[in-house]
Amino acid sequence: MRIATFNVNGVNGRLEVLLRWLAEQEPDVVCLQELKAPQAKFPAAAIARAGYGAVWHGQSRWNGVAILARDTDPILTRRGLPGEPEEEQARYIEAAVRGVLIGCLYAPNGNPAPGPKFDYKLRWLDRLLSHATNLLEAGAPVVLAGDYNIIPDEIDVHKPERWRDDALFRPEVRQAFERLLAQGWTDAVRARHPRERIFTFWDYLRSAWQRDAGLRLDHLLLSPVVVDRLVDAGVDREVRGLDRASDHAPAWIEIAA
DNA sequence: ATGTCGATCTACGATCGA
């Protein structure tokens with residue numbers, strides 16, 4: 001069973017790229033972020049024609065998250081994190097697919113730091129950590145996948161010194177990621193490739209893709225029972241090189257059925 | 001400092017967030 005996460009950067013603007021990748025890789029579960037589409041404009045019909053059921057949490061202009069499931073419908077368990085105000089940004093959705101609970105998240109970018117956007121990012125991560133610890137309690141198989149907007153470590157960024165003061169790499173957010181791991185979650189791609197330089201994002205600016213000046217921002221965190229089933233993990237880099245590509249590439253895990 | 005996207009409005013260019 002293959003579970004992937006992909007920040008599409010506009011689900012309608014990138015529909016061709018998304019459908020092509022779905023057809024080629026046939027992932028069983030897909031977490032999408034940055035839909036940039038209101039609830040009514042999610043391309044559910046085209047995605048259904050590709051063979052996927054979907055649940056989504058849209059928002060006009062920005063944010064937006066979705067969970068797709070091949071040949072079945074995800075069973076929605078929540079939209080938004082616990083304790084969020086009703087008018088909160090659309091950054092979290094959760095559903096059960098084939099016996100695995102899938103949390104799909106899009107953490108705030110947080111730049112510029114310091115500032116109100118950075119403060120919002122830290123508050124949002126606090127809410128995520130509270131929910132994450134509750135998810136572990138039952139001992140069920142859970143995958144928390146998405147764009148964390150966190151560079152976990154120096155190996156995850158092409159030039160660490162240039163990113164020292166950026167909201168993606170500040171100690172406060174790296175510590176939030178470490179606290180998730182301390183709760184008992186496993187960073188699947190890093191666990192599978194302990195010393196490899198792996199990126200999931202390349203900026204549109206300054207020919208970042210051509211220079212391979214990337215960052216690793218998209219992560220799949222596994223609860224302990226899922227780690228026991230982990231077979232492989234990786235990144236579909238070639239998707240970043242397609243015409244009209246997102247600035248992110250999909251990251252994925254393969255777990256024993 | 002650099003300077004690219006998608007979506008949306010300020011609407012055939014400008015803006016915001018990333």
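Numbers restart at 1 for each chain; the letters A, B, ... are given by sequence-line order, proteins then strands. Below, each value reflects all heavy atoms present in this structure, side chains not excepted, and no hydrogens, waters or symmetry copies. In this text, all values refer to a predicted model and were calculated from it rather than measured experimentally.
For dC16(B) and dT10(B), the C1' atoms lie 12 Å apart once the distance is rounded to whole Å. Separating the P atom of dA18(B) from that of dG3(B) is a span of 22 Å, rounded to the nearest Å. One P atom belongs to dC5(B), the other to dA1(B), and the distance between them is 22 Å to the nearest Å. The gap from the C1' atom of dT8(B) to that of dC12(B) amounts to 14 Å, rounded to the nearest Å.
Residue order along DNA chain B, read from the 5' end via each residue's closest nucleotide, puts Ala245(A) first among Ala245(A) and Pro38(A). DNA chain B is contacted by both Gly13(A) and Asn149(A); Gly13(A) maps to the nucleotide lying nearer its 5′ end (nearest heavy atom per residue).
Across all strands shown, Phe201(A) has no heavy atoms under 4.0 Å from either base or sugar-phosphate atoms. Within the 4.0 angstrom heavy-atom criterion, only backbone atoms of the sugar-phosphate kind lie near Arg91(A); the bases stay farther away.
Between Asp28(A) and Arg2(A) no salt bridge is recorded (no basic side-chain N to carboxylate O distance below 4.0 Å). Between Asp153(A) and Arg216(A) there is no salt bridge, since none of the side-chain N atoms of the basic residue sits less than 4.0 Å from a carboxylate O of the acidic one. At a threshold of 4.0 Å, the pair Arg179(A)-Asp126(A) counts as salt-bridged, since one of the basic side-chain nitrogens sits closer than that to a carboxylate oxygen.
With Arg70(A) contributing its side chain and Gly51(A) its backbone, the two residues share no donor-acceptor pair below 3.5 Å. In terms of modelled atom types and a separation under 3.5 Å, the side chain of Glu94(A) and the main chain of Arg79(A) share no donor-acceptor contact. Looking only at distances, no side-chain donor or acceptor of Glu154(A) sits under 3.5 Å from a matching main-chain atom of Pro160(A).
Using a 4.0 Å cutoff to heavy atoms of chain A, the contacted part of DNA chain B runs 5' to 3' from dT2(B) to dA18(B).
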